[in-house]
Amino acid sequence: MANAQVQPLQYVQNKFGRDSLVLGVHRYRVKNKRNNRIYWRCTIPAFPSTVNTHEGHLVKMGPPHNHQANQSKIEVIKIMQTMKKRARNEVTPIKAIYEEELVKLRTPEWNDDTKQIVEQLPTYYSCKTSLYHQRELDRPVLPKTTIDIDLQDEWCLTTTRQQFLLPSDNIYPPMLIFSTTNNLTHLAAANTIFCDGTFYSCPTLFHQLYIVHAMIDGSMFPLVYALLPGKDQQTQFKSHEDSLNG
């Protein structure tokens, strides 16, 4: 351990989801593992530089690098890793996540290094599939028919953990109605309400998104959202019931 250097260990994931070790401006991939020791090799195959770690600590460094480092590429990998983490953990639109991380690079300290990072960063259209895949890892599979819809737990709540999906009273085909207790209280106290329906913004499995608004302190607020089934869903449920009844 005499030749080990005290350096902070950082890890980034490669395109296959495997960890790569970052030391300074160089990146290493796993060569092999033995017990709690991991042997790492430079990600550029032609160069023999290696390091060994034991339980997350650097214990040995092999031959030095004899090639130019690509610090910009490592920064790009870190940015992409941040985007993927946000795609998994947030409900922010994927394109907004990409643009927000890109804006962070536009600082007064703009220099040639920052310019290289931006130039090497994948475009939104070339990486959006990967970002959407990350989001799908923690999301339930989308139903193909209204019969398959089964909203439970967090998918029935707001981000502040209030009940949002209202009981359906076993109506078939289902009419999904969303609101909170506070919203319904404001609606009950309103003198005038406004209703509006839209087909354009409605999920494909439903026929119409119907919204109930009311005036609160001089401003208009949407208080209730309802997803209304169409005639095709009614036919679909009728066929499903007939098949269940034999």
Side-chain angles (χ1 to χ4, degrees), residues 83-101 103 124-125 127-244:
M83 290 184 187
K84 291 178 180 179
K85 183 178 180 180
R86 290 188 59 188
R88 291 193 302 269
N89 300 333
E90 299 179 14
V91 294
T92 307
I94 296 296
K95 190 171 184 179
I97 290 176
Y98 179 89
E99 292 175 347
E100 288 171 5
E101 294 302 320
V103 167
Y124 168 71
Y125 293 100
C127 68
K128 68 175 184 177
T129 300
S130 175
L131 296 177
Y132 274 107
H133 174 69
Q134 292 295 318
R135 173 152 292 180
E136 291 170 358
L137 294 177
D138 290 333
R139 299 292 189 274
V141 177
L142 292 176
K144 295 182 179 179
T145 68
T146 50
I147 298 174
D148 301 325
I149 296 176
D150 182 20
L151 297 178
Q152 298 181 12
D153 303 326
E154 62 180 313
W155 306 107
C156 302
L157 307 176
T158 66
T159 55
T160 57
R161 310 300 294 177
Q162 298 182 64
Q163 186 67 33
F164 193 47
L165 177 63
L166 302 182
S168 63
D169 293 330
N170 296 320
I171 298 174
Y172 290 99
M175 179 189 301
L176 300 186
I177 304 176
F178 299 89
S179 188
T180 65
T181 300
N182 288 339
N183 283 9
L184 295 177
T185 300
H186 286 301
L187 183 63
N191 294 321
T192 306
I193 63 173
F194 302 83
C195 301
D196 185 28
T198 175
F199 300 94
Y200 180 78
S201 301
C202 185
T204 55
L205 292 183
F206 290 87
H207 182 63
Q208 185 181 23
L209 171 61
Y210 200 73
I211 307 173
V212 180
H213 304 72
M215 297 291 293
I216 303 176
D217 296 330
S219 299
M220 182 79 71
F221 288 92
L223 300 177
V224 179
Y225 305 84
L227 293 175
L228 308 183
K231 292 182 179 180
D232 54 334
Q233 281 101 357
Q234 296 175 10
T235 303
Q236 178 188 103
F237 266 85
K238 183 64 169 61
S239 299
H240 179 65
E241 289 179 346
D242 290 345
S243 63
L244 292 178

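- Interatomic distance, Leu131 CG to Tyr98 OH, rounded to the nearest 0.5 Å: 9.0 Å.
- At a cut-off of 3.5 Å, with distance as the only test, no side-chain donor of Asn182 or Thr185 sits close to an acceptor on the other residue.
- At least one donor-acceptor pair closer than 3.5 Å links the side chain of Thr158 to the backbone N or O of Gln162.
- Residues Tyr210 and Cys195 share a closest heavy-atom pair of OH-CB, 3.2 Å.
- For the pair Tyr124 and Glu99, the minimum side-chain heavy-atom distance is 4.5 Å or more.
- Of the possible polar contacts, none joining the Arg88 side chain to the Met83 backbone as a donor-acceptor pair under 3.5 Å is found.
- In terms of heavy atoms, Leu157 sits closest to Asp153 at CG-O, 3.6 Å.
- If you take CG on Leu176 and CG on Leu166, they are separated by 10.0 Å, rounding to the nearest 0.5 Å.
- Not a single donor-acceptor pair under 3.5 Å links the side chain of Glu154 to the backbone N or O of Cys156.
- Within the 4.5 Å cutoff, side-chain heavy atoms of Phe178 are placed close to those of Leu151.
- The line from CZ of Arg135 to OG1 of Thr92 is 7.0 Å long, rounded to the nearest 0.5 Å.
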Fill in: Evaluation steps, side-chain contact (heavy atoms from CB on, under 4.5 Å), between Ile211 and Val224
CA-CA 6 Å; Ile211 307 173; Val224 179; over 6 Å; no
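- For the atom pair OG1 of Thr180 and NE2 of His186, the computed distance is 8.0 Å after rounding to the nearest 0.5 Å.
- Residues Gln134 and Ala87 approach most closely at CB-CB, 4.3 Å, considering heavy atoms.
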Fill in: Intermediate values then yes/no, side-chain contact (heavy atoms from CB on, under 4.5 Å), Cys202 and Leu227
CA-CA 7 Å; Cys202 185; Leu227 293 175; 4.2 Å; yes
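- Annotation: the span from Gln208 atom CD to Thr198 atom OG1 amounts to 7.5 Å, rounded to 0.5 Å.
- Atoms OH and CG, on Tyr225 and Leu209 in that order, are 8.5 Å from each other to the nearest 0.5 Å.
- Between Tyr132 and Ile94, some side-chain heavy-atom pair lies under the 4.5 Å cut-off.
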Worksheet item: Would Phe206 and Ile149 satisfy side-chain contact (heavy atoms from CB on, under 4.5 Å), going step by step from the backbone distance to the final call?
Response: CA-CA 11 Å; Phe206 290 87; Ile149 296 176; 3.5 Å; yes
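- Side-chain contact check for Asp150 versus Gln152: some heavy-atom pair is nearer than 4.5 Å.
- His207 and Phe199 have perpendicular rings, their planes meeting at more than 60° on a 0 to 90° scale where under 30° would count as parallel.
- The pair Glu100-Arg86 counts as a salt bridge, with a side-chain nitrogen and a carboxylate oxygen less than 4.0 angstrom apart.
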Item to complete: Could you walk me through whether Leu184 and Leu223 pass side-chain contact (heavy atoms from CB on, under 4.5 Å), step by step?
Response: CA-CA 7 Å; Leu184 295 177; Leu223 300 177; over 6 Å; no
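- Distance alone, capped at 3.5 Å, places no donor-acceptor pair between the Asn183 side chain and the Ser179 backbone.
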